[in-house]
2 protein chains.
Amino acid sequence: MPKAIYDMIYRDLKEKIETEQYAYQELLPSEHNLISLYGCSRNTVRRALAELASEGYIQSMQGKGVRNIYQPVDQNAYTVGGIESFKEASRRNRRMSVTRVLQFTELTPQIAEGSVYEYLEEELGMNIVTSKRTLTVEHVTQVDEKYIDLKGYNCMAVITSQTFNDEGVQFEYTQSRHHPDYFQFQDVAVRKKSGAMEGSLKTELRLAGA
Amino acid sequence: MPKAIYDMIYRDLKEKIETEQYAYQELLPSEHNLISLYGCSRNTVRRALAELASEGYIQSMQGKGVRNIYQPVDQNAYTVGGIESFKEASRRNRRMSVTRVLQFTELTPQIAEGSVYEYLEEELGMNIVTSKRTLTVEHVTQVDEKYIDLKGYNCMAVITSQTFNDEGVQFEYTQSRHHPDYFQFQDVAVRKKSGAMEGSLKTELRLAGA
DNA sequence: GCCGATTTGTCCGTATGTATC
DNA sequence: CGATACATACGGACAAATCGG
């Protein structure tokens, strides 16, 4: 739990944006004013702003100011943040989730039925840091058809991820398969002045409920 | 074209990592050493490192150092950076691409056959800044089937994107539909100390060739 | 078109805190 | 314990873009 100043400012501004205390397309107070408001240095304000920009909340324009470009996402979407377990995501979205363990090795079924992430973090004191994900669309398998009513689709959205702990070792490889009707993935990209690519931060997705 | 110092350092380190001048899992020189190497301030070095971390190239560990966790992506993947036109992406990946204009309104067909982004940026001097994308899996349409051999799939990967220019106005809405066999989307997420989510930066995807 | 005020962008040096070894 | 490493924060400087007079 970071009590860092920049993080508090970041969350405060984020909240103000989400609750429309700053209107869409409106300019936020200038960095100079934010410094007065929060009583901190410019770097600290800028760090909070940078975070919001990378998540597509704001857009800062040299010589002009910082504009709120946040638009709320579909309320029906089942939202999952960056690295988060299915169980955490379910709780956050207040939906029922049931995990059925179909095949298993290594860990005990009891742990998997709860939350593997929870087990790794709380019981083993492991520190999850970086996750790399790949998203593809694949043909359904017999296992898919057996457990999920695909309603005519013959494909599923498949996310594979490698997770690294704080010692840089990859300790997990996951594949999750999602029903097309309940799947949605969002991201934000910011174009660098270089002319090419780069960016993105907030990622969300919609999942099948069980 | 940014000639910013942090950007040059960022690109230099990125290159050294990609060409394995720093081995996988190896520690990079400490920030202190990098300061000597590049003859700049610590902030500047740290900004370059932050960029690399957000793209999943490195992982910095307080008290230990900065570890290279870069692993090259599938060479067969058709890679597209953040905000980039299909034509730019094709050129970068040295593949043939043909654009067939099926339906049309507003812009002229000639422009679309070339590159709409090119037209907007070079001819109109427009400045593309932020792009929000949503990825879903959808049933094929009659149009899909008419122009693309789906080889048995009855779904496609669909990306819709809203693009904003430097004045914060959304000026474009695009939907692109991709053949499952030629589609891949990658991202990186970094877990905040807060305990929850957040992160991702490098995004790539594999596309259908025409 | 110029000039000055405002605003964001880049960079520096320094200080202090915290984690690792 | 001390040395090393990254994390956070401050204050100052100058550049670059914008806007109004």
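Worth knowing before you read on, the calculation uses all heavy atoms, side chains too, and leaves out hydrogens, waters and symmetry mates. Naming: A, B, ... by sequence-line order, numbering from 1 per chain.
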Legend entry - Nearest-neighbour nucleotide for the A/Arg42 side chain, C/dG9, D/dT8, C/dC11 considered: C/dG9
Inset, instruction - From the options C/dC12, D/dC6, C/dT8, select the nucleotide whose nearest atom is closest to the side chain of B/Cys40. - result: C/dC12
Inset, instruction - In sequence, state the C-alpha distance, the side-chain angles, and the governing distance for A/Leu34 and A/Val66, and then conclude on side chain to side chain contact (heavy atoms under 4.5 Å, CB included). - result: CA-CA 11 Å; A/Leu34 291 174; A/Val66 178; over 6 Å; no
Inset, instruction - Indicate yes or no: does B/Arg11 engage B/Asp7 in a salt bridge with an N to O separation below 4.0 Å. - result: yes
Inset, instruction - Tell me which of A/Gly63 and A/Val45 sits closer to the 5' end of DNA chain D, going by the nucleotide each one is nearest to. - result: A/Val45
Inset, instruction - Please list, chain by chain and in numerical order, all residues satisfying side chain to side chain contact (heavy atoms under 4.5 Å, CB included) with B/Ser41, sequence neighbours excluded. - result: B/Asn43, B/Thr44
Legend entry - Carboxylate-amine/guanidinium proximity below 4.0 Å for A/Arg177 and A/Glu138: yes
Legend entry - Base paired to C/dT7 (Watson-Crick or G-U; both N/O distances under 3.5 angstrom): D/dA16
Inset, instruction - Figure out the CG/C1' separation between B/Leu27 and C/dT20, and round it to whole Å. - result: 12 Å
Legend entry - d(CG, B/Leu34; P, D/dA5) in whole Å: 11 Å
Inset, instruction - May I ask you to evaluate whether B/Thr44 reaches the phosphate of C/dC12, defined as a side-chain N or O under 4.0 Å from OP1 or OP2? - result: yes
Legend entry - Gap between atoms CG and C1', on B/Asn43 and C/dG9 respectively (whole Å): 14 Å
Legend entry - Closest listed nucleotide, where the reference is the side chain of A/Lys64 and the choices are D/dA9, C/dT8, D/dC19: D/dC19
Inset, instruction - Check the distance between C/dT6's P and A/Ile35's CD1 and give it to me in whole angstrom. - result: 14 Å
Inset, instruction - Go through D/dA9, C/dC12, D/dC6 for me and flag the one nearest to the B/Ser41 side chain. - result: C/dC12
Inset, instruction - To the nearest Å, give me how far apart CD (B/Glu31) and P (C/dT14) are. - result: 17 Å
Inset, instruction - Please determine if a side-chain N or O atom of B/Tyr6 lies less than 4.0 Å away from the OP1 or OP2 oxygen of C/dC11. - result: no
Legend entry - Test side chain to side chain contact (heavy atoms under 4.5 Å, CB included) applied to B/Ile35 - qualifying residues, sequence neighbours left out: B/Arg42, B/Val45
Inset, instruction - Check whether any side-chain N or O of B/Ser60 sits under 4.0 Å from OP1 or OP2 of D/dA5, and answer yes or no. - result: no
Legend entry - Residue B/Gln62, side-chain heavy atoms: nucleotide from C/dC11, C/dT8, D/dA7 that is nearest: D/dA7
Inset, instruction - Round to a whole Å and report the spacing from CE of A/Met8 to P of D/dA9. - result: 8 Å
Inset, instruction - In whole angstrom, give the distance that lies between atom CE of A/Met61 and atom C1' of D/dC19. - result: 13 Å
Legend entry - Selected nucleotide, minimal atom distance to B/Ser30 side chain, candidates C/dC11, D/dA9, D/dC6: D/dC6
Inset, instruction - Check every strand shown and say whether B/Ile5 touches a base, only sugar-phosphate, or nothing at a heavy-atom separation below 4.0 Å. - result: sugar-phosphate
Inset, instruction - Send over the distance from A/Arg46 CZ to C/dT8 P, rounded to a whole Å. - result: 8 Å
